[in-house]
Each structure stands twice: as structure tokens, then as C-alpha cells.
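The structure appears right after this line, and notes come after that.
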Amino acid sequence: MNEGQWPQVARNWRRIGSPLRPVPEDLAFIETVLSDWCGQAGGRAPRGLILGVTPELYRLPWPDRSLVRAADRTPEMIEYVWPGAAEAVLHSDWRELDVADASFDIVLCDGGLHLLVALEH
């Protein structure tokens with residue numbers, strides 16, 4: 001599998017900023033959505049999935065007991081960028097995850113949807 005630029009991006013992550021990383025305004029919006037979801041969930045902790053290994057999304061104020069996982073296909077991104085436990089990452093292309101329907105309550109992606117190829121009808 002050709003992983004393109006991502007191994008190099010991983011090695012240089014500390015020097016990278018927007019638009020490859022979320023800015024405070026992005027994070028404030030996502031925090032509001034997360035808070036709203038939690039308020040409507042009746043105290044149930046969310047099961048979150050991050051498409052990619054964006055540290056800023058992992059470091060959001062997830063409530064206690066939240067399950068936060070990530071999915072990334074690039075070993076270097078997992079090794080150099082992911083701040084959580086390695087076992088919390090699904091080493092997989094996030095477009096082809098092998099997870100059951102409704103496995104996650106919240107799915108976040110920072111700047112990755114533009115990487116998808118439009119489906120032809």
C-alpha cells in the first residue's frame with residue numbers, strides 16, 4: 001500500500017500547523033458539539049472514534065469513562081503522532097474499518113474528508 005506523504009508528515013509533526021492541524025476555533029466548535037452530545041446522552045460516556053491520529057482531538061475534554069479510539073493506516077503516524085495508548089488505534093484505512101454498525105457515538109475527522117474520492121452514481 002502506498003502511504004504517500006504520511007510517513008514524512010509524521011516525522012515532522014511538531015513543525016506542522018494549520019491547515020494540517022486544528023486551530024483553537026476548530027477545537028472550540030468540536031468541544032461544543034461534544035458537550036451538547038453528552039448533555040443529551042443522559043450521563044452515558046461517549047464512544048468516540050478519531051479518523052486519523054490527531055492529538056488535539058484526543059486531548060479534547062472527553063468525559064470520564066469515554067472510550068476514545070483512532071484509526072490510521074500509517075505506522076509512522078501512530079508511532080510519532082498518536083498521544084494515547086497504541087492499543088487504542090485501529091491500524092487500518094479508516095475508509096474500510098472492520099467495526100460493527102453503531103460501534104461509536106461520535107466520529108471526528110480533522111481535515112481528512114477532502115482525501116475521499118467522490119463516488120460516481
Side-chain angles (χ1 to χ4, degrees):
M1 167 185 348
N2 179 5
E3 296 186 9
Q5 79 276 10
W6 295 110
Q8 189 65 31
V9 168
R11 289 181 183 91
N12 291 297
W13 190 254
R14 288 185 295 284
R15 293 184 234 144
I16 294 174
S18 177
L20 288 181
R21 295 180 79 162
V23 296
E25 293 84 2
D26 298 328
L27 297 172
F29 174 78
I30 297 168
E31 282 184 40
T32 298
V33 171
L34 177 60
S35 177
D36 289 349
W37 185 93
C38 291
Q40 296 172 13
R44 185 167 66 83
R47 298 167 297 168
L49 175 64
I50 302 168
L51 303 178
V53 291
T54 306
E56 291 86 352
L57 299 179
Y58 175 77
R59 292 185 180 116
L60 287 169
W62 294 91
D64 291 340
R65 301 180 334 275
S66 296
L67 170 70
V68 180
R69 308 274 314 261
D72 203 296
R73 69 180 183 171
T74 308
E76 291 87 353
M77 289 296 289
I78 297 167
E79 179 181 352
Y80 295 115
V81 177
W82 179 244
E87 58 270 10
V89 179
L90 305 168
H91 184 196
S92 176
D93 185 324
W94 46 259
R95 298 169 298 174
E96 301 173 7
L97 292 175
D98 186 20
V99 297
D101 289 349
S103 295
F104 298 97
D105 303 303
I106 299 171
V107 178
L108 301 174
C109 182
D110 172 58
L113 298 180
H114 69 283
L115 300 172
L116 300 176
V117 175
L119 298 175
E120 293 184 30
H121 296 282

Checklist entry - Under the side chain to side chain donor-acceptor pair (under 3.5 Å) rule, what pairs show up with a residue in residues 39-49, not counting sequence neighbours? => result Arg44-Asp105, Arg47-Asp105
In Å, rounded to the nearest 0.5 Å, how long is the span from [atom1] of [X] to [atom2] of [Y]?
X	Y	atom1	atom2	result
Glu31	Leu60	CD	CG	5.5 Å
Leu108	Leu49	CG	CG	8.0 Å
Thr74	Gln8	OG1	CD	12.5 Å
Leu51	Phe104	CG	CZ	9.5 Å
Glu79	Asp72	CD	CG	12.5 Å

Checklist entry - If Ile, Leu, Val, Met, Phe, Trp and Tyr residues are connected whenever their side-chain heavy atoms lie under 4.5 Å apart, and connections chain through other members, are Phe29 and Tyr58 in the same group? => result yes
Checklist entry - Do Leu97 and Leu67 belong to the same hydrophobic cluster, where Ile, Leu, Val, Met, Phe, Trp and Tyr are linked whenever their side-chain heavy atoms lie under 4.5 Å apart, directly or via other members? => result no
Where do [X] and [Y] come nearest, in terms of heavy atoms and distance?
X	Y	result
Trp94	Ala71	CD1-O, 3.5 Å
Arg21	Pro55	NH2-CG, 4.5 Å
Ala70	Gly52	CB-O, 3.4 Å
Trp62	Pro46	CE3-CG, 4.0 Å

Item to check | Close side-chain approach of Glu96 to Arg73, heavy-atom, < 4.5 Å | outcome: no
Checklist entry - Within a strict 4.5 Å, meaning less than it, do heavy atoms of the His91 and Ile78 side chains meet? => result yes
Next on the checklist: For Leu57, run the side-chain contact (heavy atoms from CB on, under 4.5 Å) check against Leu34, Asp26, Val68, Ile30 and tell me which one passes.
Outcome noted: Ile30
Checklist entry - Counting distance only, does the side-chain N/O of Arg69 pair as donor-acceptor with the main-chain N or O of Val89 below 3.5 Å? => result no
